[in-house]
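Below, read A as the first sequence line, B as the second, and so on, with proteins coming before strands; counting in each chain starts at 1.
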2 protein chains.
Amino acid sequence: MEPAPVIDLGSLRRSCAQCSLRQLCLPVGIGADDVDRIDRLVKRRKPVARNERLFHTGSAMNRLYVAREGAFKTVAGNEDGEEQVMGFHLPGELMGLDALGTGQHRCDAIALETAQVCEVPLEDLQRVAAEVPGLQRQLLRVIGFSMGRDQDHLEMMSRRQAGDRVMLFLHSLSQRFEGLGRDGAEFSLPMTREDIGSYLGLVIETVSRSFTKLQDDGLIAVRGRQVRLLSARRLAEAVHGRTN
Amino acid sequence: MEPAPVIDLGSLRRSCAQCSLRQLCLPVGIGADDVDRIDRLVKRRKPVARNERLFHTGSAMNRLYVAREGAFKTVAGNEDGEEQVMGFHLPGELMGLDALGTGQHRCDAIALETAQVCEVPLEDLQRVAAEVPGLQRQLLRVIGFSMGRDQDHLEMMSRRQAGDRVMLFLHSLSQRFEGLGRDGAEFSLPMTREDIGSYLGLVIETVSRSFTKLQDDGLIAVRGRQVRLLSARRLAEAVHGRTN
DNA sequence: CGTCGTGTTGATCCCACTCAAATACGGTGG
DNA sequence: CCACCGTATTTGAGTGGGATCAACACGACG
């Protein structure tokens, strides 16, 4: 019998073919050989430490980033020191798109916790996308999802009441967790109250007060970063504009 | 001598090759035959009347829209009747990207004035983009610019002071007008105060008061929808975070 | 001239920001 | 295991800026 070829179990497990997020990145019904081709494009970094940056404002973009495990935030810095959280990025979600227009990043991407990330050189991706049917379409789709989250963000920001913003925020996070196959009703927030405040245009104290208010009203249960959504019905009502 | 072929002067003038926005849509250094090929994809509607809708929330996306002349707004509707202006769209700017993810539009696109628009079937565009070098890249670029404007919007919304939001708004509009070769220091607003308020998360009265305040402070001159930016320096300072 | 849509201005109220302080939490070293 | 420290979070009291309610001005158009 031939000796079995040496297989790197680690890299196999981390391959696109085995990835739990496969459906988020790859077109449906793609052939195994095409998966393999895409897989060879992907560079997988060693774990990203908490507070480590994937890219910086002003730096040239040459790759797209996909969170694979752990969460990130993207932060745009006002020249006078104030920073604004532009988005949070869960596994399967793209980062770096902000530079598609100018070629230069306009925000920093920072790991909120120890994380894993896939990086894809944009040049290569475009070349392959022109050849692999469905990949181009899939790329546009994930870009579209990213824009959809930005629109959600905008809709949060357009709410006048702090409690409404926080509620929409929790609802949105819940949906995204569910999309990852996790529990959408109970989860742990990967970001600080400060991050949430910046993201929602509120100060940290207001975020904190909103959480306790929502808890007093019986909508959620909160202890530190652990959150449980209690009344999906009332939450959805509130999300859809009713201010009762 | 052969009789000259019949030429439709109107459609020639409206062709991509002659379009003043050509550089915004097409890759640089593209060949004349490729321009022609793209040109044949584009459907040009008859003028869009004020308040007419290009597409509706919930409808399936099958094309991308480019404003060619005149301005549009995109509006997301809360189920309870409240509408939120998600963006304004000047000539050369894309509309319809909101549906890239799900395939269904999540806002309405409404003409703010009589307008012209180019429509490109997404299917066809993707097919040609896979073949014409640079077109795919250009598509990503204009999508990137669109996301950049959304980020600008978010940065406006993150300002606490109403005056700052309005100032950023005017600055952003000014930049976009300049990019079109128009006067960035004096222009006419295509949208109502109400639209601006919705866009910025302010009520109409606050928008109005902010305008008069900015005028009293000598930063702008306003009469109705006619706006002149007086101090580019102080405006830029204010934009970059200093709250003086 | 009257009407409607749009924009401005005034008076008042309320919610989120600000300042301040107490408390809980996580990690580190003894 | 516990004491300690820095960070994160919560809670309280007071203030200010934008929302709200209301009235009026302006221009386009029939």
Side-chain angles (χ1 to χ4, degrees), chain A residues 49-51 71 73 82-85 110 112-114 156-170 188-217 220-227 238 241 243-244, chain B residues 49-51 71 73 82-85 110-114 156-170 188-217 220-227 238 243-244:
Chain A
R50 184 175 137 88
N51 288 331
K73 63 176 172 180
E82 280 193 31
E83 293 196 330
Q84 155 79 0
V85 173
I110 306 175
L112 292 169
E113 53 199 330
T114 305
M156 294 174 207
M157 294 286 272
S158 77
R159 293 301 180 95
R160 303 259 156 80
Q161 307 289 329
D164 288 358
R165 292 194 197 174
V166 172
M167 200 134 59
L168 256 76
F169 172 70
L170 291 177
S188 174
L189 298 169
M191 71 291 285
T192 68
R193 300 283 193 270
E194 179 114 46
D195 289 332
I196 298 174
S198 175
Y199 183 72
L200 294 178
L202 302 170
V203 295
I204 184 175
E205 296 97 322
T206 305
V207 175
S208 180
R209 274 186 256 267
S210 297
F211 272 118
T212 57
K213 175 91 177 14
L214 289 176
Q215 179 162 239
D216 292 347
D217 293 351
I220 64 174
V222 171
R223 243 188 55 133
R225 298 200 179 180
Q226 203 63 24
V227 177
T243 325
N244 310 353
Chain B
R50 186 175 135 87
N51 289 330
K73 64 176 173 182
E82 279 193 32
E83 294 197 330
Q84 155 79 359
V85 172
I110 306 176
L112 292 169
E113 53 199 329
T114 305
M156 294 175 209
M157 295 284 274
S158 77
R159 294 302 179 95
R160 303 264 156 79
Q161 307 291 330
D164 288 359
R165 291 193 197 174
V166 173
M167 199 134 56
L168 257 77
F169 172 70
L170 290 177
S188 176
L189 299 169
M191 72 291 283
T192 68
R193 299 283 192 271
E194 179 114 44
D195 290 332
I196 298 174
S198 175
Y199 183 73
L200 293 178
L202 303 170
V203 295
I204 184 174
E205 296 96 321
T206 304
V207 175
S208 182
R209 275 187 255 266
S210 297
F211 272 119
T212 58
K213 176 91 176 12
L214 290 176
Q215 179 160 241
D216 292 347
D217 293 351
I220 65 174
V222 167
R223 244 190 48 142
R225 298 200 179 177
Q226 202 64 24
V227 177
T243 323
N244 311 351

K.L.:
From C-beta outward on A:V203, which listed nucleotide comes closest to its side chain: D:dA19, C:dT18, C:dA16?
P.N.:
C:dT18

K.L.:
Quick one: side-chain contact (heavy atoms from CB on, under 4.5 Å) partners of A:I110, sequence neighbours excluded?
P.N.:
A:N51, A:R53, A:K73, A:V75, A:D108

K.L.:
Kindly state each residue pair satisfying side-chain hydrogen bond (donor to acceptor under 3.5 Å, both in side chains) with at least one member in residues 200-215 of chain B, sequence neighbours excluded.
P.N.:
B:K213-B:D217

K.L.:
Can you give one letter per nucleotide of nucleotides 8-14 of chain D, going 5' to 3': B for a protein heavy atom under 4.0 Å from the base, S for sugar-phosphate only, - for none?
P.N.:
-SBBBB-

K.L.:
With distance as the sole test, does B:R50 use its side chain to make a donor-acceptor pair with the main-chain N or O of B:T114 at under 3.5 Å?
P.N.:
no

K.L.:
Taking any heavy-atom pair under 4.0 Å as a contact, classify B:G201: base, sugar-phosphate, or nothing.
P.N.:
sugar-phosphate

K.L.:
Report yes if a side-chain nitrogen or oxygen of B:Q161 is closer than 4.0 Å to either non-bridging phosphate oxygen (OP1 or OP2) of D:dG17; otherwise report no.
P.N.:
no

K.L.:
In whole angstrom, give the distance that lies between atom CG of B:L112 and atom C1' of C:dG5.
P.N.:
16 Å

K.L.:
Write down the distance between CZ (A:R165) and P (C:dC17), rounded to a whole number of angstrom.
P.N.:
8 Å

K.L.:
From CG of A:D164 over to C1' of C:dA16, roughly how many Å is that when rounded to an integer?
P.N.:
14 Å

K.L.:
Please give, in whole Å, the distance from C:dA16 C1' to A:R159 CZ?
P.N.:
17 Å

K.L.:
Can you confirm whether B:E113 is buried at CD, in the sense that more than 12 heavy atoms of other residues, nucleotides or ligands lie under 6.0 Å from that atom?
P.N.:
yes

K.L.:
Any chance you could lay out the side chain to side chain contact (heavy atoms under 4.5 Å, CB included) test for A:F169 and A:V207, step after step, and finish with the verdict?
P.N.:
CA-CA 11 Å; A:F169 172 70; A:V207 175; over 6 Å; no

K.L.:
Rounded to whole angstroms, how far apart are CD on B:E82 and C1' on D:dA19?
P.N.:
13 Å

K.L.:
I need the CZ-C1' distance between A:R160 and C:dC17, as an integer number of Å.
P.N.:
17 Å

K.L.:
Locate the shortest heavy-atom distance separating B:R159 from B:R165; write the atom from each residue and the value.
P.N.:
O-NE, 2.7 Å

K.L.:
How sharply is the helix from C:dC1-D:dG30 to C:dG30-D:dC1 bent, taking the axes over five pairs at either end and rounding to 10 degrees?
P.N.:
40°

K.L.:
Specify the separation, in whole Å, of atom CG of B:D216 and atom P of C:dT8.
P.N.:
12 Å

K.L.:
Quick one: CZ on A:R193 to CG on A:L200, what's the gap to the nearest 0.5 Å?
P.N.:
12.0 Å

K.L.:
Is it the case that over 12 heavy atoms from other parts of the model lie below 6.0 angstrom from the CZ atom of A:R225?
P.N.:
yes

K.L.:
My understanding is that only residues two or more places apart in sequence, or in another chain, count here; which of them pass side-chain contact (heavy atoms from CB on, under 4.5 Å) with A:R160?
P.N.:
B:V203

